[in-house]
Amino acid sequence: AKEVGRNSFQLFKPAMNARSLERLAMMSRLQSAIEHHEFELYFQPKQCLQSNKILGVEALLRWHEPTLGVISPAKFIPLAEELGLIVRLDLWVLEQACKELANWRTLNLDAGRLAINISAIHLRQGQLASNVQRLLIHYGVSPAKLEIELTESCFISHFSEAKQELMALKKLGVHITLDDFGTGYSALSYLTKLPIDTLKIDASFIAKVPDEYGNSEIVSAIITLAKSLNMQVVAEGVEKLEQLNYLHSLTCDTIQGYYFCRPITRQQWYAFYQQQLEL
Ligand code: C2E
Ligand code: CA
Ligand code: CA
Ligand code: CA
């Protein structure tokens with residue numbers, strides 16, 4: 001390898017572009033962001049296609065960084081994973097979700113389950129189920145109200161650890177959803193080996209429905225697969241009425257996406273829920 005040289009400060013090379021500078025800024029700020037209350041949960045409801053009612057809602061994390069503005073989780077979640085902060089962040093989300101569910105009970109708000117996203121790293125680490133149990137008990141929340149969304153990356157490596165953790169969650173009575181389904185590289189056989197309640201079809205498939213040839217067939221096959229394995233199925237990223245109609249014709253249970261509702265703040269979500277009740 002070429003010698004870098006004793007006096008070269010890699011950090012200030014002119015090649016350092018705006019993106020990596022932003023990355024560095026985020027990294028140094030992420031650490032203290034939890035303490036500084038810079039995170040907020042947004043909520044995006046899921047709609048039942050049979051009844052048109054709200055079946056549940058997904059919590060999506062937002063970071064209000066004082067100087068950088070609102071940062072997308074697509075940017076900071078991978079950083080938090082790299083920096084070893086993801087478990088703390090997930091736990092913060094889990095606790096907020098339990099508080100929120102306790103609120104729902106006080107308010108008599110019956111909006112089905114509240115789903116949170118959990119990182120593969122957290123699942124592997126082996127304390128997810130015990131953390132979930134502790135917080136559910138602490139906030140007096142029924143496990144059936146909580147849903148955990150996981151991606152296939154959880155099972156590519158460390159299969160047995162991930163399975164053990166999922167079994168423990170299932171035993172508690174928590175609902176388990178496999179997120180971004182269809183985008184991973186793992187074999188389908190794991191579907192029968194894990195206690196999965198719901199398959200969520202990745203938005204990239206929904207985006208090409210119903211126009212693109214071959215794509216609709218995949219979506220249709222996933223729905224059939226889910227049903228034959230006694231799983232529920234959710235389509236994410238539904239933006240258009242044609243997509244909704246097509247999914248309905250394929251007997252997809254549930255949809256989520258901008259067509260029904262964007263991710264919104266807690267106050268907006270309470271208002272949305274009230275408005276749906278009155279329909
Ligand atoms: P995801 O779990 O697949 O979430 C769906 C993403 O699609 C969300 O992006 C949501 O805002 C967006 N979305 C929803 N409906 C539509 C639609 O109709 N059209 C389009 N184009 N997009 C739609 P978001 O909120 O930016 O989150 C990105 C990813 O970050 C999530 O993907 C999830 O993997 C991760 N994430 C978000 N919150 C958390 C969290 O609390 N913990 C962890 N570990 N990961 C999170
Ligand atoms: Ca998700
Ligand atoms: Ca997803
Ligand atoms: Ca995703």
Side-chain angles (χ1 to χ4, degrees), residues 26 30 33-34 38-47 55-65 69-100 113-125 128 131-132 135 146-154 175-184 196-209 219 222 232-244 247 252 254-266 268-269 272:
M26 277 196 273
L30 201 50
I34 296 181
E38 291 170 9
F39 289 109
E40 183 185 6
L41 287 183
Y42 271 46
F43 299 90
Q44 188 184 35
K46 304 175 186 182
Q47 183 186 31
L55 260 199
V57 54
E58 177 178 3
L60 292 158
L61 198 54
R62 296 291 177 265
W63 181 15
H64 303 280
E65 212 286 329
V70 182
I71 303 175
S72 155
K75 277 189 179 169
F76 69 78
I77 295 287
L79 280 188
E81 292 184 337
E82 253 180 74
L83 294 170
L85 295 171
I86 192 65
V87 174
R88 263 178 65 210
L89 203 50
D90 275 357
L91 286 178
W92 183 85
V93 171
L94 175 63
E95 180 154 15
Q96 298 306 307
C98 290
K99 281 187 196 168
E100 186 64 20
R113 289 183 297 265
L114 178 55
I116 57 170
N117 294 282
I118 291 289
S119 154
I121 293 173
H122 193 177
L123 188 76
R124 250 175 243 151
Q125 178 234 30
L128 179 61
N131 284 328
V132 167
L135 287 165
L146 185 69
E147 176 173 339
I148 292 190
E149 298 193 2
L150 298 155
T151 60
E152 286 170 286
S153 61
C154 295
H175 191 96
I176 297 164
T177 292
L178 195 55
D179 205 348
D180 300 349
F181 186 73
T183 57
I196 294 161
D197 300 299
T198 297
L199 290 187
K200 192 187 254 199
I201 309 170
D202 191 70
S204 59
F205 297 106
I206 307 304
K208 299 176 206 148
V209 158
V219 171
I222 294 175
Q232 290 166 35
V233 61
V234 181
E236 71 174 357
V238 177
E239 294 180 352
K240 300 186 201 122
L241 182 61
E242 307 93 81
Q243 293 168 337
L244 184 152
L247 290 160
C252 177
T254 312
I255 57 152
Q256 190 180 18
Y258 294 170
Y259 183 79
F260 183 51
C261 186
R262 286 177 174 263
I264 47 183
T265 65
R266 175 192 286 103
Q268 290 172 324
W269 148 239
F272 184 84

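Every number for a ligand or one of its atoms is a count from 1 in the order of the listing.
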Step-by-step side-chain contact (heavy atoms from CB on, under 4.5 Å) determination, E236 to I255
CA-CA 6 Å; E236 71 174 357; I255 57 152; over 6 Å; no

Applying a 4.0 Å heavy-atom criterion (strictly less than), which segment of N117 is in contact with ligand 1: side chain, backbone, both, or neither?
both

Consider ligand 1: state whether an atom of it lies below 4.0 angstrom from any non-hydrogen atom of E58.
yes

Only counting residues at least two apart or in another chain, list the ones meeting side-chain hydrogen bond (donor to acceptor under 3.5 Å, both in side chains) with R266.
E100

Is the shortest side-chain N to carboxylate O distance from R124 to E81 below 4.0 Å?
no

Nearest neighbour of atom 10 (C) of ligand 1 from the list I116, I121, L60, D202, on a heavy-atom basis
L60

Please determine whether salt bridge (charged side-chain N to carboxylate O under 4.0 Å, His left out) holds for the pair K46 and E147, giving the CA-CA distance in whole Å, both sets of side-chain angles, and the decisive distance to 0.1 Å.
CA-CA 12 Å; K46 304 175 186 182; E147 176 173 339; 3.0 Å; yes

Of all the atoms in N117, is at least one N, O or S atom closer to the Ca ion (ligand 2) than 3.0 Å?
yes

Any idea which heavy atoms bring A97 and L114 closest together, and the distance?
O-CD2, 3.5 Å

R62 to ligand 1, any heavy atom closer than 4.0 Å:
yes

Atoms of ligand 1 under 4.0 Å from any heavy atom of D180, numbered from 1 in the order shown, are 3 (O)

Of all the N, O or S atoms in D179, the one nearest to the Ca ion (ligand 3) is OD1

Here the atoms of ligand 1 under 4.0 Å from any heavy atom belonging to P263 are 11 (O)

Could you pull out the atom name of the N/O/S atom in E149 that is nearest the Ca ion (ligand 2)?
OE1

Please list, in number order, the atoms of ligand 1 under 4.0 Å from a heavy atom of Q44.
14 (C), 15 (N)

When you look at T177 and L150, which way does the side-chain contact (heavy atoms from CB on, under 4.5 Å) test go after all the steps?
CA-CA 6 Å; T177 292; L150 298 155; over 6 Å; no

Does only the side chain of E236 get under 4.0 Å from ligand 1, or the backbone, or both, or neither? Count heavy atoms.
side chain

Counting from 1, what ligand 1 atoms have a heavy atom of S119 closer than 4.0 Å?
44 (N)

Determine whether the side chains of E58 and Q256 contain a donor N or O and an acceptor N or O closer than 3.5 Å.
yes

Backbone or side-chain N/O/S of E236 under 3.0 Å of the Ca ion (ligand 3):
yes

Interfacing atoms of ligand 1 (cut-off 4.0 Å, heavy-atom, E239):
17 (C), 18 (O), 19 (N), 20 (C), 21 (N)

A student comparing L94, L61, D179, I118 should find that the heavy atom closest to atom 1 (P) of ligand 1 comes from D179

Ligand 1 to G257, heavy atom cutoff 4.0 Å, flagged ligand atoms 15 (N), 18 (O)

Regarding D180, does it place an N, O or S atom less than 3.0 Å from the Ca ion (ligand 2)?
no

Kindly indicate whether the side chain of Q44, heavy atoms from C-beta on, has any atom under 4.5 Å from the side chain of I264.
no

I'd like to check whether Y258 has a polar contact with ligand 1, where a contact means an N/O of the residue lying under 3.5 Å from an N/O of the ligand.
yes

Option of least heavy-atom distance to atom 35 (C) of ligand 1 (set: P73, P78, A97, A203)
P73

From V233, T198, V234, residue fulfilling side-chain contact (heavy atoms from CB on, under 4.5 Å) relative to T254:
V234

I'd like to know whether L247 forms a side-chain contact (heavy atoms from CB on, under 4.5 Å) with I206, so could you lay out the CA-CA distance, the side-chain angles of the two residues, the decisive distance to 0.1 Å, and finally the verdict.
CA-CA 9 Å; L247 290 160; I206 307 304; 4.2 Å; yes

Do any of the N/O/S atoms of E58, backbone or side chain, fall under 3.0 Å from the Ca ion (ligand 2)?
yes

Within the 4.0 Å heavy-atom shell around D90, which atoms of ligand 1 are there?
42 (N), 43 (C), 44 (N)

Show which atoms of ligand 1 fall inside a sub-4.0 Å distance from at least one heavy-atom site of V93.
41 (O)

Got a salt bridge between R262 and E239, using NZ or NE/NH1/NH2 to carboxylate O under 4.0 Å?
no

Check step by step if side-chain contact (heavy atoms from CB on, under 4.5 Å) holds for L79 and L30.
CA-CA 8 Å; L79 280 188; L30 201 50; 4.0 Å; yes

Any sub-3.5 Å donor-acceptor pair from D202's side-chain atoms to T183's backbone N or O?
no

